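As structure tokens, the structure follows; a few thoughts come after it.
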Amino acid sequence: MVPTLQLSAREQRQLDRELSRTLTQACDVAKAEVEGFAWVTHEVQWNDFPASLRVIWIFESNADIARALKEGWDQRLLALTDSALRDAEITVKRVEQHVDLDSEEECLRADAGNWRARLDRQHGRSLKQKH
């Protein structure tokens, strides 16, 4: 288990900015490679970092998620996440425990398109940033 890091508010902001930068790069790659992929976001509870870190890859539809899983694109998203975390100097034991897939379609159906409410409910944390 990776120990919880105690970071100052300034260190949290700096790390959040760096992670946003590296995930934005990963997002650009995924948009070019993965059909139906739309955007990525991350969220974290700093008092339980890095264990609480979640990276959520958002697709246009549930069918796009199913196709991505069938075609093995989830492995590519895991690799992109791992690379983004390493580039931001964030260490986690098993990257797959920090990655979720979701869709615009499901958010619209279940949460009237309100991503903040959806992520709070689905993941128990608030939306950090859309990339």
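Numbers here are sequence positions counted from 1. Note that the structure is a prediction, hence the values are computed from the model and not measured.
Distance check, rounded to the nearest 0.5 Å: CZ of Arg54 to OG1 of Thr81 gives 12.0 Å. Taken from CD1 in Ile58 to OG1 in Thr41, the straight-line distance is 7.0 Å, to the nearest 0.5 Å. Rounded to the nearest 0.5 Å, atoms CG (Asp102) and CD1 (Ile65) are 6.0 Å apart. Atom CH2 in Trp73 sits 10.0 Å away from atom CD in Glu35 (nearest 0.5 Å). Note that CZ of Arg67 is 6.5 Å distant from OG of Ser61, once rounded to the nearest 0.5 Å. Here the CG-CH2 distance, from Asp16 to Trp46, works out to 5.5 Å after rounding to the nearest 0.5 Å.
Two residues are said to be in side-chain contact when any heavy atoms from C-beta on lie closer than 4.5 Å; Trp39 and Glu104 meet this criterion. Considering only heavy atoms from C-beta on, Val44 stays 4.5 Å or farther from Gln12 through its side chain. In this structure, the side chains of Leu19 and Leu53 come closer than 4.5 Å at one or more pairs of heavy atoms. Using a 4.5 Å cut-off on side-chain heavy atoms (C-beta onward), Val34 and Trp57 make no contact.
Thr22 is linked by a side chain to side chain donor-acceptor pair (under 3.5 Å) to nothing, counting only residues two or more places apart in sequence or in another chain. Remark: Asp111 pairs with Cys107, Arg118, Arg121 by the side chain to side chain contact (heavy atoms under 4.5 Å, CB included) rule, at least two apart or across chains. By the side chain to side chain donor-acceptor pair (under 3.5 Å) test, Ser83 is found to be paired with no residue, residues two or more places apart in sequence or in another chain being considered. Taking Phe59 as the reference, Phe37 meet the ring pair (Phe, Tyr, Trp, His ring centres under 6.0 Å) condition, with sequence neighbours excluded. In terms of the side chain to side chain donor-acceptor pair (under 3.5 Å) criterion, Glu60 has no residue partners (sequence neighbours excluded). Residues passing the side chain to side chain donor-acceptor pair (under 3.5 Å) test with Gln14: none are found, sequence neighbours excluded.
When each of Asp64, Leu69, Ile56 is tested with Leu101 by the rule side-chain contact (heavy atoms from CB on, under 4.5 Å), just one qualifies, namely Leu69.
Minimum heavy-atom separation, Val40 to Cys27: CG1-CB, 3.7 Å. Summarising the geometry of Asp87 relative to Glu18, their closest heavy-atom pair is O-OE2, 3.7 Å, with the distance given to 0.1 Å. Annotation for His42 and Ser20: closest pair CE1-OG, 3.3 Å, computed over non-hydrogen atoms. Nearest heavy atom pair, residue Ala30 against residue Leu80, reads CB-CD1, 4.0 Å.
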Would you sort out whether His98 and Val55 count as a side-chain contact (heavy atoms from CB on, under 4.5 Å), showing the intermediate values? CA-CA 6 Å; His98 299 271; Val55 176; 5.6 Å; no
- With side-chain contact (heavy atoms from CB on, under 4.5 Å) as the test, would you mind laying out the steps for Gln97 and Val92 before giving the verdict? CA-CA 9 Å; Gln97 294 178 337; Val92 296; over 6 Å; no
Q) Is there a side-chain contact (heavy atoms from CB on, under 4.5 Å) between Arg76 and Val29 once you walk through the steps? A) CA-CA 10 Å; Arg76 179 64 173 138; Val29 172; 3.4 Å; yes
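Between Lys31 and Asp28 no salt bridge is recorded (no basic side-chain N to carboxylate O distance below 4.0 Å). A salt bridge links Arg86 with Asp82: the closest approach of a Lys/Arg side-chain nitrogen to an acidic carboxylate oxygen falls below 4.0 angstrom.
Heavy-atom neighbours of Glu89 CD from other residues, nucleotides or ligands within 6.0 Å: at or below the threshold of 12.
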